[in-house]
Amino acid sequence: MGAGTHETEQTHLHPMDVQMAVFHCSDSFLKQMMITKLSQCQYALPLLVPDPVTMEIECPLWTFKQITKTWKVTEDGSNIVTMKSVPVCKAQTPLVSFFRLGSLSVSKSQLMNTLINDRHSTFFHRNCPGSTKSRYLMDGVAEIAWYCPAGKPNDAFNDCIAFCNLHGDALLTEKRRDILIEKSSINIILFASLQKHEESQSFISGLFKSRKPLICLCVDDCDVVKTTTGQYIIGLKDRSQSDVSEELKQIIREVLSVDGSSLKPSFQLEMMAEVSGIRVDESVPACQRGKSAAMIIMDLIKKNNMDVSKLKDEFLPYRGDLWHQWSKIHKELYHLRGDIENEKCKKQQQLMNIRQKQCAASCSKLMELFIESLSSLPLTDKQYFLKWIQILIDDLSTDELSSVLQSYDKKWSEVLALKNKCNKSDVLSIKQTELEEISKKLQSATFGLEHIFREMGQIYEAHRAIEGESRHTDWSKYPELAAQLMISGHPMELMDGDAGHVPLTWISSLLEEVIKKLGDQTVFVLSVLGVQSSGKSTMLNTMFGLQFAVSAGRCTKGVFMQLLKVSEEMKKDLKFDYLLVVDTEGLRALELEGNTTLHHDNELATFVVGLGNLTLINIFGENPSEMQDILQIVVQAFMRMKKVNLSPSCVFVHQNVTDVAAAEKNMEGKRRLLEKLDQMAKLAAEEEFSSAECFSDIIEFDVQKDVKYCAQLWEGSPPMAPPNPGYSESIQEVKNTILSKASKSAGITLTQFKNKVQDLWSALLNENFIFSFKNTLEIAAYRKLESQYANWTWALRSNMLTIENQLHNRIENGNLDKVEANYLKKESHETHETIQTEMTTYFEEDKDKEILAQWRGRFETKIKDFCDEQESTVKRKLDEVIQQKKAREKLDDEKKEFEDKLLQKSKELAQQLKDKANDEEELNQQFSSVWSDWVTELTADTKPVDDINLKEDQFIILKELGFEETLINERKQNGRYKDMSRLGDYTDYVILPKKGNLSDTSESTQDIEEDNNHTSRPEEHVSGPVRHAWEYIKKTFRYNSKTKQKQHKSHSALSWNEQQKIRLLIDKADKQSLDAIKDKPVATRGYTQTHLHEVAKNVKEEVKNFPMIYNLKKEFTVDLILYVFDRAESWLLDSQKKFKMNTDALTYLESKKTQFYTVFRSFCKGSSSAVVLAELICERLKASTVEAVCNKTAIGLAGEMRCNFPAFNGNRLNLEKHVLKALAENENFDDFITYIRNPRRQTEAFIKAEVKKYIFIDHRDKTVNILKKNVDDVNSLMSQALSTATQNVQTQEADIKMWLNEFSSLLKDELTLHTISSQNFSDINDFEFLKEEIKKRLDSIIEQTSSLSLGKLKESRLKPDEILIDQLCKCCWVTCPFCAAVCTNTIEGHSPDDHSVPFHRLSGIKGWHKRGTVEFSINFCTTNVASDGRFYPHHNSEKSVPYKLYRTAGPEYANWRIIPDESKLAYWKWFVCRFQNQLEGYYKYKFQGRGEIPSEWKKIPKDEAIKSLDEMC
């Protein structure tokens, strides 16, 4: 376009000029891709290209390197057809070149098209749409195209022929013309007339002199003249183009069929590099360096002329049989039978042995060279190197692949023909077996770059398994090298298609390196599913310009992923940084049958559907029966995603549809598809135990928008069929749909994708995908939410503690006699509103908001319930304080009277002893002598509260219940009752039958897996009624086919189940008794013997009604009653102490002796009433100040530890982890048993111990600082109250009574100040003096309080450990029915979420053992649920349940989600080794036989056991 042209004016450019302009502006790799695409589209390719500036001629040989041509050769005179598949650079074919002399009225390019494909413009010509008269970049360009026959009778030629077209006037492009004439087998010259052009005449006569075949096409003549052999002159005047075309074809066939090599020299594209005078694009230094590096490897491969099928085994030993064996054994870990844990250890050892063998195989020379090139070459050289390796290896295996593919094609046709016959025979299965054998040959003959990368992965995995993580070895750099390639757009294998396994260690490390280089970018994952050879990869390559393998015989095997960066322009509409495309091997339902294939397809579909944010389901054709196979697999995959809370979207693409435009037909097709989907949904629902009725119940699906129809790719039959232009249009529409859906998704981070790969694959290894799937992303989001929930509830609890403290002081000060629920709600409203705002922000703005949405409503309800519960709890506690206050009203009134009288008596006595004011000893003696008289006089009419003797009461109660005195004394002295809840064996408490009648009681044991190795069990040989009789005999006589002899001599006669029943009885009695005792108003009304009598009676009744096979001894009942007495004793004594202090006048008065001595002494010294009152007030404030400071410090310390102490600042799982760490560090077996038996009790003990350690040892200074701050706050409050009260009284000219009321009112929320009678101080009127006197004494109080012993915190009303126990232990405590591991959900009632815990343990820890033996069970339930073993859900179960279906075993199993993890947790393995003897002594079972501890466990050190807890979170 000229510089002066107006910008709105359009100049029409010649399409071929546009093509060549793009070609000239592209780098080598884009040129190669461009030419490859042109070839796929059956367009001519530039062979000789003049540089537009220097006019230097270039042959772009590099751009042809990825093109392979396939054709079928028909032998002359026979029907023998041979298929050939050859890289086009190496193909030896005749070359037919066309030249034009001068300007002609006919189109040379159009004529050539009729020879190659008369329905497609292989060469662009003047009559094509968009053509213009002028062109700038095409003249002088020589283009080449190949005719490839299909092996059919109507083929134009029976072998492949290359056609070359020199654009422009051949007389003007002498050099290019001469090169082509030299290389051609046949030259065809078009000219107007020889008479009219001397230069043309001279040129043609020169050609006639040579012996090379020549065809001259004269536009203005009409004759056909054959001058000599192989040389023709044909006139075109008045002849149709089709006639001329047919004649040319005939002549070319004749010329090429003449015997003698001199008449038909072969043309080979790569030989153009040897032609002088032209530049070859491969000669650039970077390309040559890349080629040199590749050729070194190729020379090594070709060195011994080895068969292609053996190359992989020779040069890539890691990814071969050893890796396949490893994959097979690894999968067997999820199908264990028999002695599961030992079997697992054996298999894990086998896996390590294979890894050691892989390491011993050493890295091959090929891999060393490959890695060296990847590491050392610059980026561009590296790209050339990889391309060359791919090209050269493909060349190597092409011939082998071609013959195998021909056999495969033939055999597949036979299989399909037999399938279509109604009468199927054994021949079909034989043919299918043969087809499978050919398929294996095909895989052996396939050798590509992906196999080298696979070897890299296996070298890395093997060394990583043996040597651990290392950053200083060659293999440790492999993930980084692969990551660089992946970032540059190279496809990477995600699942090994040959082994059918995901190398998780390699993939994880690879993705971690990508994350290191790019950051944790967000990606949108697009997965593609479809049957084999349905055009999936072609569609992706067309849509996104990717590089997935598409040629026949190179079908995608396994799963590959490729990163595609989102441009800055596209980021305006999309919320992610990269598109991650996941391409899969085809589902093989068409060619093979059988369960293995179906399982593989289901596995593959579930994997890629789970990975994808969007899954593209590619359906080839419209055959409903073929469609049904893939639909069933896909629908089941989506069903599984729904059940594990993954929600990908989907788009169905119908490819190869004949009439895309027919709307009515499309509507009918969509209706049929939806019917099929709904039908498949119902079938899948039955298999996956779902209630789905239609496909839209499983996934959000709009049949109008989410089903696309694509035109068929080829117009006609390959190999010469051109692509259908409608195909690209259809694919663009699909792409727009994908991008539209993608724009609504935020995608996932690369870390989340990495975790998803691990989660999906781990779950797929188990047959029960739904209950084996561990959604790491969802689990992480939920755990973070739990931590937030803990923060929110702490904020609410902390606020409510402050409110409770204030109201408690008001009640004690007599300023409040009723607590309204509305008042509490109002006081906590602001904090509640703040928390609700925080929750809204969290759920709406967190990066995981889509995942969090499912829990939002539930957590909002939980927070509201928590607030309501806190309010009701505080109200109940304060109501109790009010009741206590009311209960001691009489005493309070008496106290005032006593204090007035004591004050008066002190005053009177002081008057008498004024002269002895300085004799402290005399004053003390005189005061003490009259004090007891005063107390006796004042309490003459009140009844004292007697001390209680619990030991005596307990003895009396037990006698009243009918127990002998000697038995009671013996059990008390024995002391065994104190450890009753922690015993491992209760046999001594049971009355057993005589030895002769003893049956094998362990038959009723709960656990026990059937011995899968037994092949001869009596029940296997009986059926029907006989079987029922046999079951009865087994049950009646306790027969056990696994037990050769009675076991009662060597272990506890009580079964595990009976032992467990007794433990539950003890726990129940303990809880019920403590609850009953604590409900008694002991603190307000005092203790009576009936409190204990009632509890003892209930315990005795519980024991009496306890259902057991055997009776319990009297000793058990006595011990159990003593046990609950012992548990209740401290609470009763504390409560009685409070009661005595609150209600016993004598006790109260004795506590006031020091206070009144101080008053008396002041009076003696002649102090004024103001001084005495100041002393009295400060004496009372002293205790109140200590209590207030301790309570505030308790709340502050609890808050400090809750926020900053690692064990307390997270969710329930975090606390559990720290409890287990502490148990391991302390190595106290009794603590472990308490934890196993009663996890809550041990957790509370842990919290108390940690709080004590924090306050008194680790953070003593911090605790003191918190205490001092609270002292300063209280001091400020009292000083402010003093000033305010004094100022108000002085302003209003009031008396001492008002001052006392004002002062106590200002302190009412923080301190308690009991009423002081003003009548003894009515003479006070100098309030400023009073204020100063109080201030002087307050300084002393503050100083004493500041140096308060931290031990005082133990005596305060609020205690930090109790506050934290309330906060941290209000969670789920349900235990696993197999191993008793406690659920770690932070929410107490977390239904409908299942119970779960990452810290499962071997069931022997709970006391499970093999039925009928003394052998502990050492199996982990996380291993069992992945095995093929079975178990008996209850002691009386007659039928066993497969572990994989454990959720069907009963209510206690149904709500547990146990994720198989190969029992990786080292912690409990270390525990059983460390405490083997103690466990055997505790349970009276042995770690022997099938319960023998694997030797590998004994190698686990404690620090590794503790570290494993972190790895499981």
Side-chain angles (χ1 to χ4, degrees), residues 28-29 62 65 282-304 306 310-320 322-323 355 358-397 447-467 469-493 503 505-507 509-510 512-514 516-517 547:
S28 295
F29 301 103
W62 166 254
K65 288 295 183 180
E282 287 181 8
S283 61
V284 297
C287 183
Q288 285 302 305
R289 287 193 294 270
K291 185 177 182 180
S292 298
M295 285 307 297
I296 294 171
I297 291 174
M298 293 312 297
D299 290 344
L300 179 70
I301 290 173
K302 294 177 180 177
K303 191 174 180 182
N304 296 319
M306 196 178 292
K310 296 177 182 176
L311 287 176
K312 286 186 286 191
D313 292 335
E314 175 67 24
F315 293 106
L316 310 175
Y318 281 75
R319 51 95 261 142
L322 288 173
W323 162 234
R355 289 303 192 196
Q358 284 180 311
C359 290
S362 76
C363 188
S364 68
K365 183 66 177 174
L366 183 150
M367 288 306 298
E368 286 178 10
L369 292 169
F370 184 78
I371 297 299
E372 184 185 346
S373 296
L374 278 189
S375 306
S376 60
L377 290 174
L379 180 61
T380 307
D381 295 20
K382 192 187 298 182
Q383 289 175 315
Y384 274 114
F385 166 70
L386 289 171
K387 284 282 187 185
W388 274 115
I389 282 285
Q390 194 170 351
I391 290 161
L392 295 169
I393 289 179
D394 282 352
D395 289 353
L396 197 66
S397 57
F447 182 32
L449 201 53
E450 67 269 23
H451 297 100
I452 298 177
F453 283 115
R454 195 180 291 172
E455 182 79 355
M456 272 179 76
Q458 281 311 298
I459 293 171
Y460 178 80
E461 286 210 329
H463 285 279
R464 174 82 179 265
I466 300 301
E467 300 169 30
E469 288 192 51
S470 170
R471 302 298 298 174
H472 307 293
T473 51
D474 290 339
W475 58 265
S476 65
K477 302 286 190 279
Y478 289 6
E480 185 183 354
L481 295 173
Q484 290 170 350
L485 296 176
M486 186 173 173
I487 291 167
S488 67
H490 199 283
M492 282 292 159
E493 189 175 56
T505 307
W506 166 246
I507 294 299
S509 298
L510 165 61
E512 281 165 12
E513 288 296 332
V514 172
K516 278 184 191 175
K517 292 180 182 298
Q547 299 174 44

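When reading the values below, keep in mind they use all heavy atoms of this one structure, side chains included, and skip hydrogens, waters and symmetry mates.
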What heavy-atom pair brings [X] and [Y] nearest, and what distance separates the two atoms?
X: I452; Y: L316; value: N-CD1, 4.1 Å
X: S28; Y: W62; value: O-NE1, 3.4 Å
X: I393; Y: M298; value: CG1-SD, 3.9 Å
X: L300; Y: F315; value: O-CZ, 3.6 Å
X: A483; Y: L510; value: N-CD1, 3.4 Å

field: Candidate pair I459 and D474, rule side-chain contact (heavy atoms from CB on, under 4.5 Å), full reasoning
entry: CA-CA 10 Å; I459 293 171; D474 290 339; over 6 Å; no
task: Answer yes when E480 and K516 have at least one side-chain N-carboxylate O distance shorter than 4.0 Å, and no when they do not.
output: no
message: Run W323 and E461 through side-chain hydrogen bond (donor to acceptor under 3.5 Å, both in side chains) and show every step you take.
response: CA-CA 10 Å; W323 162 234; E461 286 210 329; over 6 Å; no
With side chains defined as the heavy atoms from C-beta onward, is the minimum distance between [X] and [Y] less than 4.5 Å?
X: F453; Y: H490; answer: yes
X: Q288; Y: E282; answer: yes
X: S292; Y: F385; answer: no
X: K382; Y: Q484; answer: yes
X: I301; Y: L392; answer: no
X: Y384; Y: L377; answer: no

task: Please confirm whether the backbone N or O of L449 pairs with a side-chain atom of Q390, one donor and one acceptor, at under 3.5 Å?
output: no
Taking side-chain contact (heavy atoms from CB on, under 4.5 Å) as the test, write out the residues that go with [X], two or more places apart.
X: E368; result: C363, K365
X: A462; result: Y318, R355, Q358, C359
X: S283; result: R279

Would you give the length of the straight line joining atom [atom1] of [X] to atom [atom2] of [Y], rounded to the nearest 0.5 angstrom?
X: I297; Y: K302; atom1: CD1; atom2: NZ; value: 12.5 Å
X: D381; Y: W388; atom1: CG; atom2: CH2; value: 13.5 Å
X: L481; Y: M456; atom1: CG; atom2: CE; value: 5.0 Å
X: S488; Y: L386; atom1: OG; atom2: CG; value: 8.0 Å
X: M367; Y: L369; atom1: CE; atom2: CG; value: 10.0 Å

- prompt: Would R464 and S509 count as having a side-chain donor-acceptor pair, cut-off 3.5 Å?
  reply: yes
task: Go through the steps to decide whether F370 and E455 satisfy the test side-chain contact (heavy atoms from CB on, under 4.5 Å), and finish with yes or no.
output: CA-CA 11 Å; F370 184 78; E455 182 79 355; over 6 Å; no
- prompt: Between Y478 and W506, does the ring centre distance come in under 6.0 Å?
  reply: no
- prompt: Between T505 and Y460, does a side-chain hydrogen bond (donor to acceptor under 3.5 Å, both in side chains) hold up when you go through it step by step?
  reply: CA-CA 8 Å; T505 307; Y460 178 80; over 6 Å; no
